[in-house]
Amino acid sequence: QVQLVESGGGLVQAGDSLRLSCAASGRSFGIYGMGWFRQAPGKEREFVAAISHSGSITTYSDSVKGRFTISRDNAKNTVYLQMNSLKPEDTAVYYCAADAFGLGSKVQNEYDYWGQGTQVTVSS
């Protein structure tokens, strides 16, 4: 069992940066692939970024590639999402998720555990 708690969301202006954190409790964090997803009002939840259990493989959606960076610190049981050059269309609730298969997938139903989400609001 893994519990995930996101933090770091907030209200920022377009062009600003934020770093989201996702702290995991439970055993064996280092075996899980981790992903970030987001859900904007009135829209379905979508993939943002993922990282393999070792951190050697990262994947991004086209909409955030070059602006967002996913990373992890297995010693701290934490995964991060550094978000730069934020745009109003990045406004959403951001969720982290853990994938027991370990690779970090783009597919939501391949994730086993989810956090409660943190709100990110970008004003124009």
Side-chain angles (χ1 to χ4, degrees):
Q1 189 78 7
V2 175
Q3 292 81 42
L4 303 172
V5 179
E6 302 94 336
S7 62
L11 171 62
V12 297
Q13 293 187 333
D16 285 351
S17 298
L18 275 177
R19 188 177 80 157
L20 305 184
S21 299
C22 173
S25 60
R27 299 192 296 179
S28 303
F29 173 75
I31 71 171
Y32 289 93
M34 299 297 296
W36 285 97
F37 293 80
R38 67 187 182 186
Q39 187 167 21
K43 296 187 177 182
E44 294 187 351
R45 190 162 57 187
E46 65 175 4
F47 169 76
V48 175
I51 189 166
S52 62
H53 66 94
S54 66
S56 62
I57 301 171
T58 57
T59 310
Y60 298 93
S61 69
D62 288 343
S63 62
V64 307
K65 196 174 296 182
R67 299 188 297 123
F68 291 11
T69 302
I70 188 170
S71 61
R72 66 190 296 160
D73 185 337
N74 285 347
K76 295 183 178 180
N77 283 12
T78 302
V79 63
Y80 304 98
L81 185 68
Q82 177 67 44
M83 305 186 295
N84 297 331
S85 302
L86 282 161
K87 304 176 181 180
E89 52 263 43
D90 294 317
T91 295
V93 177
Y94 283 71
Y95 299 90
C96 71
D99 154 30
F101 193 67
L103 293 182
S105 170
K106 294 183 177 182
V107 180
Q108 294 186 49
N109 63 15
E110 293 185 2
Y111 284 83
D112 303 279
Y113 304 101
W114 291 83
Q116 294 300 306
T118 186
Q119 176 71 47
V120 172
T121 304
V122 185
S123 64
S124 57

(request) Treat each ILVMFWY residue as a node, draw an edge where side-chain heavy atoms are under 4.5 Å apart, and state whether Val12 and Val64 are in one component. (result) yes

(message) So which atom in Gln108 and which in Arg45 form the shortest heavy-atom distance, rounded to 0.1 Å?
(response) NE2-O, 2.6 Å

(request) Enter the distance from Ser61:OG to Trp36:CH2 here, rounded to the nearest 0.5 Å. (result) 14.0 Å

(request) Would you give the length of the straight line joining atom SG of Cys96 to atom CZ of Arg72, rounded to the nearest 0.5 angstrom? (result) 11.0 Å

(request) Taking the side chain as every heavy atom from C-beta outward, state whether Leu86 and Gln13 have any pair of such atoms under 4.5 Å apart. (result) no

(message) Walk me through whether Phe29 and Asn74 qualify under side chain to side chain contact (heavy atoms under 4.5 Å, CB included).
(response) CA-CA 7 Å; Phe29 173 75; Asn74 285 347; 3.2 Å; yes

(request) Specify the closest pair of heavy atoms between Ser85 and Ser17, including all atoms of both residues, with the distance to one decimal. (result) N-OG, 4.3 Å

(message) When you measure from the side chain of Asp16 to the backbone of Leu11, do you find a donor-acceptor pair of N or O atoms at a distance under 3.5 Å?
(response) no

(message) Using side-chain heavy atoms (C-beta onward) and a distance below 4.5 Å, is Leu18 in contact with Phe68?
(response) no

(request) Of all the heavy-atom pairs spanning Thr69 and Tyr60, show the shortest one and how long it is. (result) CA-OH, 3.4 Å

(message) Just verifying a value: how many Å separate Tyr94 OH and Leu81 CG, rounded to the nearest 0.5 Å?
(response) 7.5 Å

(request) For Gly33 and Tyr111, work out which heavy atoms get closest and say how close. (result) O-CE2, 4.2 Å

(request) Output the distance between atom CZ (Arg67) and atom CE (Met83), rounded to the nearest 0.5 Å. (result) 9.5 Å

(message) Tell me whether Gln116 contacts the main-chain N or O of Glu6 through its side chain, where contact means a donor paired with an acceptor under 3.5 Å.
(response) no

(message) So, applying side-chain contact (heavy atoms from CB on, under 4.5 Å) with Cys22, which one of Ile70, Val79, Asn77 is it?
(response) Val79

(request) Provide the closest heavy-atom pair for Ser124 versus Ala14 in the form atom of the first, atom of the second, distance. (result) CA-CB, 4.4 Å

(request) Report whether Trp114 and Val93 are members of the same hydrophobic cluster (ILVMFWY, side-chain heavy atoms less than 4.5 Å apart, transitive linking). (result) yes

(message) Could you measure the distance from the OH atom of Tyr113 to the OH atom of Tyr32? Nearest 0.5 Å is fine.
(response) 4.5 Å

(request) Could you point out which residue of Thr91, Asp90, Thr118 forms a side-chain hydrogen bond (donor to acceptor under 3.5 Å, both in side chains) with Arg38? (result) Asp90

(request) Working to the nearest 0.5 Å, report the span between CZ of Phe101 and CG of Asp112. (result) 11.5 Å

(request) Could you tell me whether a side-chain N or O of Thr78 sits under 3.5 Å from a main-chain N or O of Lys76, the two making a donor and an acceptor? (result) yes

(request) Using the rule that two of Ile, Leu, Val, Met, Phe, Trp, Tyr join whenever any of their side-chain heavy atoms come within less than 4.5 Å, decide whether Val120 and Phe47 are in one cluster. (result) no

(message) If you define the side chain from C-beta out and look only at heavy atoms, does anything of Leu4 sit under 4.5 Å from Met34?
(response) yes

(request) For the pair Lys65 and Asp62, find out whether any cationic side-chain nitrogen is under 4.0 Å from an anionic carboxylate oxygen. (result) yes

(message) How close do Val107 and Ser105 get, counting heavy atoms only, and between which atoms?
(response) N-OG, 2.8 Å

(message) List the residues meeting ring-ring contact (aromatic ring centres under 6.0 Å, His included) with Tyr95, not counting sequence neighbours, and say none if there are none.
(response) none

